[in-house]
There are 2 protein chains.
Amino acid sequence: MAETDLIRENIISAARERFRHYGYPKTTIAEVAGDCTMSAGNIYRFFKGKIDIAVEIAQRESLRSVEVVEAVMECPYRTSRQRLEEIVFADLRYTFHLLENRPKVLELAQIVVRERPQFQIESFRRERRAFQRILREGQASGEFTIDNLPQTTIAAQSATLKYRYAQLFTNQTLGELERELANVLTLIMRGLIHRKDGKLVPPTEIPGEIAEQQMPTDF
Amino acid sequence: MAETDLIRENIISAARERFRHYGYPKTTIAEVAGDCTMSAGNIYRFFKGKIDIAVEIAQRESLRSVEVVEAVMECPYRTSRQRLEEIVFADLRYTFHLLENRPKVLELAQIVVRERPQFQIESFRRERRAFQRILREGQASGEFTIDNLPQTTIAAQSATLKYRYAQLFTNQTLGELERELANVLTLIMRGLIHRKDGKLVPPTEIPGEIAEQQMPTDF
DNA sequence: TTTGTGAATAATTTATTGATTGTTCATAGT
DNA sequence: ACTATGAACAATCAATAAATTATTCACAAA
């Protein structure tokens, strides 16, 4: 029913506001219900539990990263190398700023991952598909030399693990991370690109901020 | 004074036993002092505080990894590729088993890193030196083509970050991690090795257990 | 002077309570 | 039947007190 969906949306947006302001633990179901002018018990006709509201919010947020990839893929007259480098750098910058400026987002993400490990697994899969798409494109155009596409995709994704939500692993600055990532990408590119003239594939350059990928207003 | 050193050793070994059995938080200074037949207060003439005992234990444990590298470096008639792959795989396996079988070790490591972030930084530096040594060797022998040694070292180390204390990042099995690491190393090797005949550098094979690197008996 | 003690104190941890919150469900209105 | 409520119950959290522990230090023995 459309009515049901509308109410669900209402609950989600009320919850999102409160999670953002007060954080997940400090937000009570009664408050969210109050915002929607309904009783606490009634929430449970629309969501199995409090955590499930958070999961749905996190999922939607996570899907936004697909849009970034889409944007990079749309952009024409670019090499596959440029595309791959751009999405990895965009990921580093986006997640870095997210954790830097929105502590409640990190908190929510950590809680969701802890309660629902499947969430993280699916996010990884989505990202992997984007990687694979770019690699396949580069393979088709002859830019990349790849003997085993799925395995190479896994390798490239694993090697750049550190640059998503980097603050969880290290307390380096964004500048340090960018320089380091450029080194990693240089190495990866030299493993993917095989020049006929035998010259060394040039190092990765740190790209400028792209399209100023703005933060969502509410989260 | 030699006497002072002996007492320090005594304290360290008593503390190590208790940390292993009961964990760091459940071990009291009074107990360690009792094991050494001295008063609690006297411990402070040898260590600045409880955490410093743990730091020294962790440092010594961490230095053991240097021995592994030494062993790999000693081993003759091996290519630099083999050496690099062996130490990374050895690291993966060693740290995986450590976290699997010795939960108290993980606990101690986490506490030490939290209280003394410098500890982690130094461990990383030590490991980086080992990487760089192997890469330089491969560069000198002509096996690797490296234009910027320090940067390439950082790249190789960062790309394999996930495979040290892997359980902190993922709940994959050791087998899955080994296959994944082989993919990452294949990609790295293709970035380091440049064949004149233009053929693809063959993929990394998962090495058999080396020398059955045994766990230390006490920790 | 060096080595050590044990009581005193400060810092943490643990136990306990009461209050708050998540969730269920019998019930009522539509 | 469908929608919603609010009381009931269980789980969790916050606050406090109690106990334990880390650390210091005045003092004593060597």
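Chain naming here is simple, since letters A, B, ... match the order of the sequence lines and numbering starts at 1 in each.
Rounded to an integer number of Å, the gap from Ile51(A) CD1 to dT21(C) C1' is 15 Å. In this structure, Tyr22(B) atom OH and dT20(D) atom P are separated by 18 Å, rounded to whole Å. Atom P of nucleotide dT12(C) and atom OH of Tyr24(B) are separated by 11 Å, given to the nearest angstrom. We find that CD of Glu31(B) is positioned 15 Å from P of dT13(C), with the value rounded to whole Å. We find that CD1 of Ile11(A) is positioned 13 Å from C1' of dT3(D), with the value rounded to whole Å. Rounded to an integer number of Å, the gap from Arg45(B) CZ to dG4(C) C1' is 6 Å. For the pair Glu3(B) CD and dT1(C) C1', the interatomic distance rounds to 16 Å; values are reported in whole Å. Between Phe47(B) atom CZ and dT24(D) atom C1' there is a gap of 18 Å when expressed in whole angstrom units.
Phosphate contact (OP1/OP2 of dT14(C), side-chain N/O of Lys26(B), threshold under 4.0 Å): present.
Both Ala30(A) and Asn42(A) lie near DNA chain C, and the one whose nearest nucleotide falls closer to the 5' end is Ala30(A).
Counting only heavy atoms from C-beta on, Tyr44(B) has its side chain closest to dA22(D) among dA22(D), dG22(C), dG6(C). Among the nucleotides dG4(C), dT5(C), dA4(D), the one closest to any side-chain atom of Ile7(B) is dG4(C). Each of dG6(C), dT3(C), dG22(C) was ranked by its minimum atom distance to the side chain of Ile29(A); first place goes to dG22(C). Checked against dT5(C), dT5(D), dG4(C), the side chain of Phe46(B) finds its nearest nucleotide in dG4(C). Closest contact between the side chain of Lys50(B) and the listed nucleotides dT14(C), dT23(D), dG4(C) involves dT23(D). Which of dA4(D), dT21(C), dT3(C) sits closest to the side chain of Thr28(A) comes down to dT21(C).
In this model, no donor atom of one side chain and acceptor atom of the other lie less than 3.5 Å apart for Arg18(B) and Thr28(B).
A donor-acceptor pair under 3.5 Å is absent between the side-chain atoms of Arg126(B) and the main chain of Val66(B), judged by distance alone. Between the Glu107(A) side chain and the Tyr24(A) main chain, a donor and an acceptor come within less than 3.5 Å of each other. Within the 3.5 Å criterion, the main-chain N or O of Ile154(B) finds no donor-acceptor partner in the side chain of Gln157(B).
Atoms CG and OG1, from Asn183(B) and Thr153(A) in turn, are 9.5 Å apart once rounded to the nearest 0.5 Å.
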